[in-house]
2 protein chains.
Amino acid sequence: MGATFPSMSSSSAVPAAKPPIRDALVAAAFRLFLERGFEQTTVDDIVALAGVGRRSFFRYFPSKEDVVFPDHEGCLADMTAFLAASGPEHEPVRRVCDAARLVLRMYAENPAFSVQRYRLTRQVPGLRAYELSVVWRYERALAEYLRGRFAGRPDGTLRADVIAAAVVAAHNNALRSWLRSDGVGDAGAAVDHALAYVQMTYARPADAPALWSGPAGAEPGPGGDVVVLVSRRDAPLWRVVQELETVLDRP
Amino acid sequence: MGATFPSMSSSSAVPAAKPPIRDALVAAAFRLFLERGFEQTTVDDIVALAGVGRRSFFRYFPSKEDVVFPDHEGCLADMTAFLAASGPEHEPVRRVCDAARLVLRMYAENPAFSVQRYRLTRQVPGLRAYELSVVWRYERALAEYLRGRFAGRPDGTLRADVIAAAVVAAHNNALRSWLRSDGVGDAGAAVDHALAYVQMTYARPADAPALWSGPAGAEPGPGGDVVVLVSRRDAPLWRVVQELETVLDRP
DNA sequence: TCGGCTGAGGGTACTGAGTGTCGCATCCTC
DNA sequence: GAGGATGCGACACTCAGTACCCTCAGCCGA
């Protein structure tokens, strides 16, 4: 109700003279969407309520769906900049988790607005599809960053894609549960918990440890021969598995 | 070019008298899409070429985008049935990986068609958005199954969502790389490799295998203590990994 | 002061996707 | 063969999105 509407207020340097007409369109659109539904509201209804010409709507928003996500473009730009500003000193998985937290911050900045939008996107298939494409762009940004960091590693792009998907899924799991509870409670803590699960699973030190392995003498017992693998306890698990695959001669 | 077009040929019991008009629409649509592009082709063009009435197009396909994915609805039904037919004896993560392989099988059944469609979806934003919503439904099916299997566990829904996303990402990573190489090579092997990575990460069986492992006497060398793992050579890799995780005392 | 330039916004008309409705033909059943 | 169900075509309509052109304000150099 009394929620203020986000326009483009990203962390960009210049406020850039935000046009009041854009905010008027968002406000009018949400009023009508909540009153009579998204599909029952035409663009003409919105521009009539906002008091602007129909053509102006499409000057500010490429499509009717865009007006529901007026702040994601800026948030995506922030995330891209955040990742681009990363250095080799940052642990990659932790870095993409931090990038995901930028999205949460945007939602948490305006709980009432976010909850309203969540209810809307849940019941309008068209909006859900649009949201998927937005989420997909976030995921691609994370994956591209990880691909760069994992370049050269075996299965680097696979690892990058899987971890990006896991981060997004964990983030959305916590975010949606927060939105479903009407935005009460600590969203940041919930997302931290969810992302910790992903970090716990995937975050491994980048430097390769001294790992020694070798098949010991085979002793054909009753069930086949035996493999003995010796490894440092603090070796990254995936390295151990890699060695295991080599030893076992399996893909 | 000479590719046959899939209609709904899922593994349903009855062939169910597949309507030739549907196949005609798909064939006509793809001919025109490849000739002059998706957006440059109107529904009127398609129905004119197929020789049917315009209204019939929307009887078979809810939208113009649907005609590009004529077989996904059936595949999704197959996957849902596959998961519904699962029992407690199936390891959950392995089960969703097998479910994902159903999708790959659909793509691999018709490589030429799949490659054409991939090229189309890559360059048409509207189709990409539509594909995302299709993939999302697969992912939700996997996640719902896992949520059921993980019910009661701490963070069960989180684990379910993350693993479902990881499976889909791994599957798509391998699938897209196969499609990008024009459908040559063994798609099944590529997907198996990608899914093995996910299984390796997440699969945790309930029953203990015939696998013996144990940390040998620690010998604190210059880099930390050492783990010795002994395993049958024919033991499943993920089982070995599970034991490793236990030994290493990591999540 | 004048004339032209530019850029934001308004107005109109058009294309094309998707829907509702009606009428007609065919087929199946009793 | 009557009656109902189903499948298809034809027409009309709504609405999102686009192209084109208009106005008007501000701003410039001459």
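For the numbers below, each heavy atom of this structure counts, side chains included, while hydrogens, waters and symmetry mates do not. None of the values given here were measured: they were computed from a predicted structure. Note on naming: letters A, B, ... go to the chains in the order of the sequence lines (proteins, then strands), and numbering restarts at 1 for each one.
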Taking ring-ring contact (aromatic ring centres under 6.0 Å, His included) as the definition, give me every residue that meets it alongside B/Tyr118, ordered by chain and number, with sequence neighbours left out. none
Across all chains, not counting sequence neighbours, the ring-ring contact (aromatic ring centres under 6.0 Å, His included) partners of B/Tyr107 are B/His72
Kindly state which residues belonging to residues 118-136 of chain B come within less than 4.0 angstrom of DNA chain D, counting heavy atoms of the residue only, listed by number. none
Please confirm whether B/Arg159 makes a cation-pi placement over B/Phe150, using NZ or CZ under 6.0 Å from the six-membered ring centre and within 45° of the ring normal. yes
Could you tell me whether A/Arg140 atom CZ has more than 12 heavy atoms of other residues or ligands within 6.0 Å of it? yes
Among all residues two or more places apart in sequence or in another chain, which pass the salt bridge (charged side-chain N to carboxylate O under 4.0 Å, His left out) test with A/Arg95? none
Give every donor-acceptor pair under 3.5 Å between a side-chain atom in residues 122-130 of chain A and any protein atom, sequence neighbours left out.
unit_1: A/Tyr130; atom_1: OH; unit_2: A/Asp66; atom_2: OD1; d: 2.1
unit_1: A/Tyr130; atom_1: OH; unit_2: A/Asp66; atom_2: OD2; d: 3.3

Just the table, please: protein N/O against nucleotides 19-22 of chain C N/O, every pair under 3.5 Å.
unit_1: C/dG20; atom_1: N7; unit_2: B/Arg55; atom_2: NE; d: 3.4
unit_1: C/dG20; atom_1: N7; unit_2: B/Arg55; atom_2: NH2; d: 3.2
unit_1: C/dG20; atom_1: O6; unit_2: B/Arg55; atom_2: NE; d: 2.9

Listed partners of B/Ala170 passing side chain to side chain contact (heavy atoms under 4.5 Å, CB included), at least two apart: A/Leu158, A/Val162, B/Ala194, B/Leu195, B/Val198
Salt bridge (Lys or Arg N to Asp or Glu O under 4.0 Å) pairs, two or more places apart, involving residues 39-61 of chain A: A/Arg36-A/Asp45, A/Asp44-A/Arg54
Which residues share a ring-ring contact (aromatic ring centres under 6.0 Å, His included) with A/Phe38, sequence neighbours left out: A/Phe33
Which residues pass the side-chain hydrogen bond (donor to acceptor under 3.5 Å, both in side chains) test with B/Asp98, not counting sequence neighbours? B/Arg101
In short, salt bridge (Lys or Arg N to Asp or Glu O under 4.0 Å) pairs touching residues 174-185 of chain B with sequence neighbours left out are B/Arg119-B/Asp182
Send over the distance from A/Tyr60 OH to D/dA16 P, rounded to a whole Å. 20 Å
NZ of A/Lys64 versus C1' of C/dG18: gap in Å, rounded? 13 Å
Walking DNA chain D from its 5' end, the first of A/Ser63 and B/Ser56 to be reached, judged by nearest nucleotide, is B/Ser56
Here the distance between atom P of D/dT18 and atom CG of A/Asp66, to the nearest Å, is 11 Å
Note: contacts of residues 35-48 of chain A with DNA chain C (heavy atom, under 4.0 Å) are none
Value in whole Å for how far the C1' atom of D/dA16 lies from CG of A/Leu32: 16 Å
